[in-house]
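What follows is a set of notes on a single structure, which appears directly below.
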Amino acid sequence: MQVTDLYVSAPGKAILHGEHAVVHGKVALAVSLNLRTYLRLKADTFGKVCINLPNIDTFLSWDLSQLKQLVTYFHGKRDEVQCLDAELVRRLREFIGVSNGSLDTCSMANLSFLYLYLSLFGSGELPSLTLTVWSELPTGAGLGSSAAYSVCLAAALLCASGAIPPPLKEWEHTARWCQEELELINSWAFQGEMIIHGNPSGVDNAVGTWGGMLRFLAGKIIPLSRVPLLRILLTNTKVPRSTKVLVAGVKDKINKFPSIMVPVLDSVDAISCTCEKVLSEMTCEPITGEHYNILEELIDINQHHLNVMGVGHPALDRLCQVTLAKGLHSKLTGAGGGGCGITLLRPENDEQAVQENVFETNSLMAQSTVQELKDCGFDCWETSIGGPGVQQHSAISVKEEILEILNYY
C-alpha cells in the first residue's frame, strides 16, 4: 500500500432551509455539522482485512484468500469512477449473507466498505489492512452519518491505493485535498451511498466532501465558497419517522390545495435565497446583531411553513417552545415528523446581550437549554455548522477520547 497509517474525518450534514420544497424544484441549503466521523486505516501483515465499527458493535475480518475469489475480472482504473458494478454488488451480498431483502446498518456498512475496497484494489494485489471507524453522529437521524462514513472510506482507500496522495505535510495537524482529488473522493463516496440508499441525491456525500454550505437546486449541487461558522444546538427528538410517507403527504397537500401551497413553496425558496445572501454578507463585512436577527426570523418563518406543509410534530413543537423561552429560535431539519431540529446560538460576546445587560451569558444559556431539552427525553449537542469537509489528520489533532478508540483495535 502507498500509505501504512492514516487518519481521516468527514462531517455530518443538516438542512438549513428548503427541506421538502427542494423536491418541488426550489432551493435548499445544506450545511456541514461539526459532528464528524473519524477513520483510521492501518496496514498489517496478518493476511486479513479487518473492519471495526464500535458505534454499532461490529467487528469483522476476512481472509485475503476469501476476498480474492470475489475478484475475477478487472473493475476499472482507480482514478476513474465507473457505474455501480451490479455484478460485484450481487456477489458481495451473497458473500456477507444478505442476497435478498433490505440491509441492516451493519450489513450496509460492510457491503459499502467491501465494494470500495475491491473496486480500488481488485486489479492488483489485495492488501492486508485494519480499518476502524468512530462517529459522533447518531445513525438513522437524517444527519448524513452514512455519507460521512462513505466519504471517509473513499478518501482513505484512494490514498492507500495510490490514486490520490495524502495531503498532510510532516509539520501540519490537518490538511485537505485539492479540488480534483475531492471530486474523485466525492464520486467514490457516492458509489458507497448508492449501495446504502439505492438512489441518493448526492447532497450528503457532497457536504461530507466539501464541507461549508451547498446550494441544491433541480439536481445541481453548488458548493458556496465562503460561509461563516455558526454555533447551533442540534436536537434529536428520537421520534421515528418515514421520509417517504412525509414527502408523499406534502405532495398530496400541494395537489389538493395548489393555490395555497404553491405560494408556501415559493416563500420557502425566498427564505433559502435570503439566508444565502445574509450568510454571504457575514463573510465580507463585520457581523452584527442585525444579521442574527434576520437569520432568527427566517428560522421562525420557515418552521411555520413546514408546519403548514404537515411535517411538524408535537416533539418539534416542544423543542421550539423550550428554546423560545430562552430567546432562541429553532426549526426542524430534514424530513420532519420528529427527527432532528436545529437552534441558532448567538456568539458568546453578542453585542445585543451586552447592550441589554443580560446576566446569563450566551454560553450558560446554551448549557441550561441543553439540559432542559435532555429533560424532555431528547438528545442534544452544542456544535457548529459550516466547518471543513473531509480532511486528513495527524494523530495529535484527533480528539483524545476518539484517538483512544481508533488506536484500541
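Everything numeric here is computed off the predicted structure, so don't read it as measured data.
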For His313 and Thr237, which I'm curious about, is there any donor-acceptor pair between the side chains at under 3.5 Å?
no
What is the minimum heavy-atom distance between Gly336 and Arg241, and which atoms define it?
O-CG, 3.2 Å
Within the 3.5 Å criterion, strictly below it, is a donor on Asp104 or Ser107 matched to an acceptor on the partner's side chain?
yes
For the residue pair Thr283 and Arg226, confirm or rule out a side-chain donor-acceptor distance under 3.5 Å.
no
Tell me the closest heavy-atom pair linking Gly386 and Leu229, and the distance in Å.
C-CD1, 3.7 Å
Closest heavy-atom pair, Val207 versus Pro11, reported as atoms and distance to 0.1 Å, is O-CG, 3.9 Å
To the nearest 0.5 Å, what is the distance between OG1 (Thr333) and CG (Leu33)?
7.5 Å
Find the distance between CG (Leu70) and CG (Leu92) and round it off to the nearest 0.5 Å.
5.5 Å
Do you know which two heavy atoms are closest between Arg36 and Ser9, and how far apart they sit?
NE-OG, 2.8 Å
Trp210 side chain to Gln179 side chain, donor-acceptor N/O pair below 3.5 angstrom
yes
Check whether more than 12 heavy atoms from other residues, nucleotides or ligands sit under 6.0 Å from atom CZ of Arg318, and answer yes or no.
no
Minimum-distance pair of heavy atoms, taken over all atoms of Ala366 and Glu382:
CB-OE1, 3.8 Å
Shortest non-hydrogen contact from Leu332 toward Gln303
N-OE1, 2.8 Å
Thr323 versus Ser330, side-chain donor and acceptor atoms under 3.5 Å:
yes
Has Phe59 got more than 12 heavy atoms of other residues, nucleotides or ligands less than 6.0 Å from its CZ?
yes
From CZ (Phe113) to CG (Leu60), nearest 0.5 Å:
10.0 Å
Could you grab the distance from atom CG of Leu35 to atom CG of Leu143, nearest 0.5 Å is fine?
7.5 Å
Between Ser146 and Glu193, do the side chains contain a donor N or O and an acceptor N or O under 3.5 Å apart?
yes
Side chains of Tyr38 and His393: closer than 4.5 Å at any heavy-atom pair?
yes
Is the shortest distance from a Lys or Arg side-chain nitrogen in Arg90 or Glu87 to a carboxylate oxygen in the other one below 4.0 Å?
yes
Using 4.0 Å as the upper bound for N to carboxylate O, is an ion pair formed by Glu404 and Lys399?
no
Any ring pair (Phe, Tyr, Trp, His ring centres under 6.0 Å) pairs touching residues 131-184, not counting sequence neighbours?
none
More than 12 non-hydrogen atoms from neighbouring residues, nucleotides or ligands closer than 6.0 Å to NE2 on His304, yes or no?
no
Decide whether Glu290 and Asn293 meet the rule of one side-chain donor and one side-chain acceptor closer than 3.5 Å.
yes
Taking atom CG of Leu344 and atom CD1 of Ile299, what is their separation to the nearest 0.5 Å?
4.5 Å
Straight-line distance of Leu406 CG to Leu41 CG, nearest 0.5 Å:
11.5 Å
Could you go through residues 264-271 and list every donor-acceptor pair under 3.5 Å that involves a side-chain atom there, pairing it with any protein atom two or more places apart or in another chain?
{"unit_1": "Asp266", "atom_1": "OD1", "unit_2": "Lys26", "atom_2": "NZ", "d": "2.7"}
{"unit_1": "Ser267", "atom_1": "OG", "unit_2": "His305", "atom_2": "NE2", "d": "2.7"}
{"unit_1": "Asp269", "atom_1": "OD1", "unit_2": "Val27", "atom_2": "N", "d": "2.8"}

When you compare the side chain of Gln371 with that of Leu373, does any pair of heavy atoms fall below 4.5 Å?
no
Can you check whether Val89 reaches Leu84 side chain to side chain, under 4.5 Å on heavy atoms?
yes
Has Thr58 got a side-chain atom pairing as donor or acceptor with Ile56's backbone, closer than 3.5 angstrom?
yes
